Amino acid sequence: MIKAAHTLTGKCFFSIFSYFGLKKTFHRVVYKSNYIDNGKPVLIISNHFSWWDGFIQLQLNRKIFHRKFHVMMLEKQLRKFMILNKTGAFSVNPGSRDVIESLNYTAELLEDNKNLVLFFPQGEIQSVYTGYFKFEKGLEYILKKCKNEISMVFNVNLIDYFSEKKPTLSVYFTEFVYKNKTFSEIETAFNRYADKCKIQ
């Protein structure tokens, strides 16, 4: 697997790129949450709907969480864009023996209060109109391997054009208390939150 290899140059470049890229692509970006930081490591569980995923949460981290950013990417995609490794991208190769190493690495990152990990439990890009988000089993494994409490944050990103040429991006996020919850209950809770966001 390919581990994250942060550099100051990478951090600065992608902070600027994500800020101006989102500003140019969307009419506006609206953040909607009642989140209160509790100082724990952050695991963001998000819907995966566009090329901009990752950059959206990079900006969210800069505005709200202020952690060291990490995101799991498919290894074949990361190898094409290795520059993303410099801002916290690390690899996973589904169906290979390396997948366990990637999941263990994720759990290790979540032992440090200074870290944030972005995780797309769907395992692939799906339409923003997806009716039900089915989680892959990787999340369940990570939670079992975590030795400490973390802040699990549900993040749902939605777009609407209304009367504008460019869409408005609504970034919804909330902490979810996952202790004593089964994997199935977490999946159901995320989908309920996604439905609530769509109604809003």
Side-chain angles (χ1 to χ4, degrees), residues 1-26 29 41-128 130 133 135-143 145-146 150-153 155-157 159 167 169 171 173:
M1 69 159 289
I2 303 169
K3 294 185 177 182
H6 293 85
T7 65
L8 181 59
T9 302
K11 178 182 178 181
C12 292
F13 174 80
F14 281 106
S15 289
I16 295 170
F17 177 84
S18 60
Y19 175 79
F20 286 104
L22 295 178
K23 195 174 183 68
K24 182 179 180 180
T25 303
F26 298 101
V29 180
V42 177
L43 175 63
I44 296 183
I45 306 300
S46 180
N47 66 317
H48 196 9
F49 80 99
S50 77
W51 185 88
W52 284 105
D53 297 337
F55 298 111
I56 293 170
Q57 290 87 357
L58 188 63
Q59 275 300 105
L60 179 60
N61 181 51
R62 188 184 69 82
K63 290 177 67 70
I64 305 296
F65 301 107
H66 312 291
R67 304 293 203 282
K68 193 172 185 179
F69 184 83
H70 300 81
V71 57
M72 180 185 285
M73 285 184 63
L74 290 174
E75 186 167 317
K76 63 181 180 180
Q77 293 297 323
L78 182 54
R79 289 194 181 279
K80 291 180 183 178
F81 305 101
M82 276 301 292
I83 191 172
L84 296 174
N85 181 242
K86 307 304 180 186
T87 192
F90 63 96
S91 72
V92 64
N93 192 6
S96 74
R97 295 178 181 179
D98 291 346
V99 69
I100 297 299
E101 185 180 357
S102 297
L103 297 175
N104 286 336
Y105 177 66
T106 304
E108 289 173 12
L109 290 173
L110 292 170
E111 292 177 10
D112 189 337
N113 293 343
K114 296 178 182 178
N115 286 338
L116 174 148
V117 177
L118 168 60
F119 189 80
F120 300 111
Q122 302 156 255
E124 62 181 3
I125 292 180
Q126 295 178 350
S127 169
V128 70
T130 298
F133 299 105
F135 287 9
E136 298 293 327
K137 293 293 184 180
L139 176 61
E140 183 176 24
Y141 181 91
I142 291 167
L143 294 177
K145 294 292 289 187
C146 280
I150 62 173
S151 178
M152 179 182 288
V153 175
N155 165 224
V156 175
N157 301 303
I159 56 172
L169 171 65
V171 181
F173 58 102

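Excluded from the calculations below are hydrogen atoms, water molecules and symmetry mates; all remaining heavy atoms, backbone and side chain alike, are included. None of these values were measured; they are calculated from a predicted model.
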Colleague: Hey, what do you get for CG (L118) to CG (L58), rounding to the nearest 0.5 Å?
Modeller: 9.5 Å
Colleague: Not counting sequence neighbours, list each pair that qualifies as a side chain to side chain donor-acceptor pair (under 3.5 Å) and has a residue in residues 103-117.
Modeller: N104-Y141
Colleague: Tell me every residue that passes salt bridge (charged side-chain N to carboxylate O under 4.0 Å, His left out) with K145, counting only those two or more places apart in sequence or in another chain.
Modeller: none
Colleague: Tell me the closest heavy-atom pair linking F55 and S18, and the distance in Å.
Modeller: O-CB, 3.7 Å
Colleague: Kindly indicate whether the side chain of I150, heavy atoms from C-beta on, has any atom under 4.5 Å from the side chain of L143.
Modeller: yes
Colleague: Could you grab the distance from atom OG of S46 to atom CG of N157, nearest 0.5 Å is fine?
Modeller: 4.5 Å
Colleague: Can you find a heavy atom in the side chain of P121 that is under 4.5 Å from one in the side chain of E136?
Modeller: no
Colleague: With rounding to the nearest 0.5 angstrom, report the CZ to CD1 distance, F13 to I83.
Modeller: 5.0 Å
Colleague: Identify, with sequence neighbours excluded, every residue that meets ring pair (Phe, Tyr, Trp, His ring centres under 6.0 Å) alongside F120.
Modeller: H48
Colleague: Would you compute the distance between atom CG of L78 and atom CE of M72 and round it to the nearest 0.5 angstrom?
Modeller: 11.5 Å
Colleague: Can you sort out the partners of F20 under side-chain contact (heavy atoms from CB on, under 4.5 Å), two or more places apart, ordered by chain and number?
Modeller: I16
Colleague: Does any part of the side chain of L74, heavy atoms only, come nearer than 4.5 Å to the side chain of P94, both counted from C-beta?
Modeller: yes
Colleague: Within a strict 4.5 Å, meaning less than it, do heavy atoms of the L116 and I44 side chains meet?
Modeller: yes
Colleague: When you compare the side chain of V42 with that of V117, does any pair of heavy atoms fall below 4.5 Å?
Modeller: no
Colleague: Let me confirm one number: the CD1-CG distance from I45 to L139, rounded to the nearest 0.5 Å.
Modeller: 4.5 Å
Colleague: Taking T87 for the side chain and L84 for the main chain, is one N or O donor matched with an acceptor at less than 3.5 Å?
Modeller: no
Colleague: Does the side chain of V92 come within less than 4.5 Å of M1's, by heavy atoms?
Modeller: no
Colleague: So, taking the atom named SG in C146 and the one named CE in M152, what distance separates them when rounded to the nearest 0.5 Å?
Modeller: 8.5 Å
Colleague: Can M73 and N85 be said to form a side-chain contact (heavy atoms from CB on, under 4.5 Å), step by step?
Modeller: CA-CA 10 Å; M73 285 184 63; N85 181 242; over 6 Å; no
Colleague: Using the ring of each side chain (for Trp, its six-membered ring), is F17 parallel, tilted or perpendicular to F14, with breaks at 30° and 60°?
Modeller: perpendicular
Colleague: Suppose we screen for side-chain hydrogen bond (donor to acceptor under 3.5 Å, both in side chains). Which residues come up paired with Q126, at least two apart in sequence or across chains?
Modeller: Q122, E124
Colleague: Is there any salt bridge (charged side-chain N to carboxylate O under 4.0 Å, His left out) pair reaching into residues 56-77, and which pairs are they, with sequence neighbours excluded?
Modeller: D37-R67, E75-R79
Colleague: Measure the shortest side-chain to side-chain distance between L43 and V153 over non-hydrogen atoms and say whether it is less than 4.5 angstrom.
Modeller: no
Colleague: F49 and side chain to side chain contact (heavy atoms under 4.5 Å, CB included): which partner among I56, V156, T130?
Modeller: I56
Colleague: Can a donor-acceptor pair be found, under 3.5 Å and without considering hydrogens, that links the side chain of T25 to the backbone of L22?
Modeller: no
Colleague: Can N93 and V99 be said to form a side-chain contact (heavy atoms from CB on, under 4.5 Å), step by step?
Modeller: CA-CA 6 Å; N93 192 6; V99 69; over 6 Å; no
Colleague: Taking H70's backbone N and O only, do any of them form a donor-acceptor pair with H6's side chain (distance below 3.5 Å, no angle check)?
Modeller: no
Colleague: Tell me, with the steps shown, if I159 and F26 meet side-chain contact (heavy atoms from CB on, under 4.5 Å).
Modeller: CA-CA 9 Å; I159 56 172; F26 298 101; 3.8 Å; yes
Colleague: Check whether any side-chain heavy atom of V71 lies under 4.5 Å from a side-chain heavy atom of Q57, and answer yes or no.
Modeller: no
